[in-house]
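For the numbers below, each heavy atom of this structure counts, side chains included, while hydrogens, waters and symmetry mates do not. The structure displayed is predicted, hence computed values, not measured ones.
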Amino acid sequence: MNVLFLYPEHYLNIGIPGGISMLSANLKRHGHKTALVDTTFMKTDPDFNARTFDAKALHQKTHGGLGEKEADRSGISSMKLTAYTIADLVMDDPVVSYREEFQRAIDSFKPDLIAISTMTSTFDFCLDLLRMVKYDCKVIVGGIHPTIAVDDCLAQREIDIACIGEADHVMVELCDLMDAGKDYTNVAGMAFKMPNGAIRHTPPAPRVDNDELPCPDWGLFDRRHLHRPFEGEIYQGSFYVQSRGCPMKCTYCVDPTVSDMTGGSAGYFRQQKVSVTISHLTELKEKFGVSWIKFADDSFLFPRVDRLEELGDGLKKLGIKFGCSVMPNTITEEKVKLARDMGCVAMSVGVESGNEAIRRRVRRNYKDDQLVERLKIVQKNGIRLSTFNIIGFPDETRDNVFETIKLNRRIGTSACNIYILFPYPGTPIQIEHKIPVRGADGKILPVSMAKELRLSKMSPDELEGLQGTFNIYLHVPEALWPMVELAESPSKVGLSLRRILHRFVVSYLSKEEIATTSLESLLAAADRVDYLNGELDVPSILGEAYSLALSESQLQIVTDALYAAAKAPPAASDVAVPITEISDRALPDPHAGRKVIPLQPAG
């Protein structure tokens, strides 16, 4: 039987999805054929420019947040340039249309089933793609959206079957029955549109035994998905999951609901045998030259020490570097050292909020001091740390957001992923606040609407401004915060000031020497010597603020902030950019000597 997978992802948001790669491997193991339509590398914009492409902005528009798929590429980075980027690798790709590429795949492969894996944020895109083409087969949709919003999926005329929960085994059973021409509407864990228009729901499928799963079928995907830059070097690799489920019950996450829908909490979290994990990673290294893995488990350090030791023995032999996500309550000196010694170079941790009462309400029951102590263990062991943070929680205030900023400063976080709370369908917060799946226009509410939900005590513009400046507040001295507050504004001056501050922080984090300018000369050039409080030097980048069309009050705020930051030494808790740590050397050209090298195939 021919199964054509559709993976709807925005342009260049790379990374091989575990669901499709595992389903494809399992179907092939049982004699079925698979093919893939993947929009990740479909260049549909004739004006695409590799040098100006903004992956983070595109990610934010589709999925929310300022992070990307991997936490080690989040926040304000030190911008360690690599020999080439993912945008360089597609520079010579032809411009195509979704319709022509999808239709060509259908005509050549002649699928007996089109299988879609989708999140809520990409489901409408799936429907748009299906409406562009002609096909003569059933369409099944799986993934998190049909699991928690099955009625919404089956309300769409393009969808015939929805899979609820894990599809690894039931997908094979479905295809076996369809291939044999037998009735397939009793397959567990699914919902079917019947000929009479009724919807048939079957009981939940048994949970998958991770040890029975085959090695993921990475060969189904474009090899450029394996492009993995880190700290100025380029590795090859993608995501690997060695567990299913999550032991936590955070109210902003769908896991509590999925757990209840698929059999309850008991047995929801399952770990794969270490021997199976190492066998799969060995195969991936041999086939694809894997040198980097992002373990996509909800908490890499959750297992017992003896299991981590066994995993470490296998990973050391493979010589693979990796990043992972961890829960704060699982961090210990012993476990972090084990992770470091087996190849861990990056960890992401969910801080979520700097206010303990808010954390308790969303069932993240950690004390501030515990978070600081445990996350410093990660940094002490030389592992790059990034944090996940959410703003816009119900009843949250601006002061609460600054508690989150200050907690990250205490921790010494180098990169923060910042999301405005968007309660996805099925999350306890979405259920409690009765947030609809679709808006008045009939479309799924986009994550860009998060600021408009008004769950917090902040306006939409204030939320968006704080999201855009969070990492600047994180890194600059508090004396500059009045200047950063001006940059929260969506006005032309505010956005220009934000870019100036961003460049300043990036230059510092990149350990560049920063040119200085006399504040007196800047004010004289602006014909505002009356604002001068004394003679001193300031970073030239920040001095560019005086070229903006500042109002009288804005000019006073900028001048006072620069003067205060230059005169006052950083506070003991200030993880800030020391404004006096500067020289008068010109900034280097970030693209000097940069060349494009094509991605080499493994082995």
Donor-acceptor side-chain pairing of Tyr366 and Glu352 below 3.5 angstrom: no
Report yes or no: do Asn408 and Thr387 form a side-chain donor-acceptor pair below 3.5 Å? yes
Answer whether the closest heavy-atom distance between the side chains of Leu455 and Ile435 falls below 4.5 Å. yes
Let me see the working for Arg410 and Asp369 under salt bridge (Lys or Arg N to Asp or Glu O under 4.0 Å), right down to the final yes or no. CA-CA 9 Å; Arg410 282 184 62 196; Asp369 290 344; 3.0 Å; yes
When you measure from the side chain of Thr516 to the backbone N and O of Asp537, does any donor-acceptor pair fall under 3.5 Å? no
In short, salt bridge (Lys or Arg N to Asp or Glu O under 4.0 Å) pairs touching residues 539-550 with sequence neighbours left out are Arg503-Glu544
Please check this pair: side chain of Asn389 against backbone of Val351, looking for a donor-acceptor N/O pair closer than 3.5 Å. no
Has Glu485 got a side-chain atom pairing as donor or acceptor with Trp481's backbone, closer than 3.5 angstrom? no
His475 side chain to Ser414 backbone, donor-acceptor under 3.5 Å: yes
Does Asp368 offer a backbone N or O that forms a donor-acceptor pair with the side chain of Glu356 under 3.5 Å? yes
Does the Ser540 side chain pair with the main chain of Ala515, one donor and one acceptor, at a distance under 3.5 Å? yes
Using 30° and 60° as the class boundaries, would you call the ring planes of Tyr473 and Phe402 parallel, tilted or perpendicular? perpendicular
Cut-off 3.5 Å, side chains only: do Tyr546 and Thr559 have a donor facing an acceptor? yes
Test log, rule salt bridge (Lys or Arg N to Asp or Glu O under 4.0 Å), inputs Arg224 and Asp222: CA-CA 5 Å; Arg224 291 174 294 186; Asp222 190 310; 2.9 Å; yes
For residues Asp255 and Cys250, determine if any side-chain heavy atom of one lies less than 4.5 Å from a side-chain heavy atom of the other. no
Is a donor on one side and an acceptor on the other found under 3.5 Å between the side chain of Thr413 and the backbone of Cys416? no
Can you tell me how far the CG atom of Leu466 sits from the CG atom of Asp461, to the nearest 0.5 Å? 11.0 Å
Start with the C-alpha distance between Asp152 and His145, add both sets of side-chain angles, then the distance that settles side-chain contact (heavy atoms from CB on, under 4.5 Å), and finish with yes or no. CA-CA 9 Å; Asp152 177 73; His145 187 65; 2.9 Å; yes
Flag if over 12 foreign heavy atoms under 6.0 Å of NZ, Lys457: no
Dump the intermediate steps for salt bridge (Lys or Arg N to Asp or Glu O under 4.0 Å) on Lys321 and Glu233, then the final yes or no. CA-CA 12 Å; Lys321 296 182 184 296; Glu233 301 293 332; over 6 Å; no
Please confirm whether the backbone N or O of Gly392 pairs with a side-chain atom of Glu396, one donor and one acceptor, at under 3.5 Å? yes
Check: Asn355/Ser353 side-chain N/O donor and acceptor closer than 3.5 Å: no
Shortest non-hydrogen contact between Ala549 and Val493, atoms and distance: O-CG2, 3.6 Å
Answer yes or no for Arg228 and Phe239: cation-pi contact, defined as NZ/CZ to six-membered ring centre under 6.0 Å and angle to ring axis within 45°. yes
Check whether any side-chain heavy atom of Met248 sits under 4.5 Å from a side-chain heavy atom of Asp298, and report yes or no. no
From the options Trp292, Phe295, Tyr235, select the one residue that forms a ring pair (Phe, Tyr, Trp, His ring centres under 6.0 Å) with Phe322. Phe295
Kindly say whether Gln236 contributes a backbone atom to a donor-acceptor pair with the side chain of Ser291 at under 3.5 angstrom? yes
Set of residues satisfying salt bridge (charged side-chain N to carboxylate O under 4.0 Å, His left out) with respect to Asp124, sequence neighbours excluded: Arg438
Once you measure the plane-to-plane angle for Phe41 and His225, does it fall in the parallel (<30°), tilted (30-60°) or perpendicular (>60°) bin? perpendicular
Taking Arg374 for the side chain and Pro328 for the main chain, is one N or O donor matched with an acceptor at less than 3.5 Å? yes
Mind listing the closest non-hydrogen atom pair of Leu453 and Leu421 along with its distance? CD1-O, 4.4 Å
Full working for ring-ring contact (aromatic ring centres under 6.0 Å, His included) between Tyr98 and Phe125: CA-CA 11 Å; Tyr98 290 134; Phe125 182 32; 5.4 Å; yes
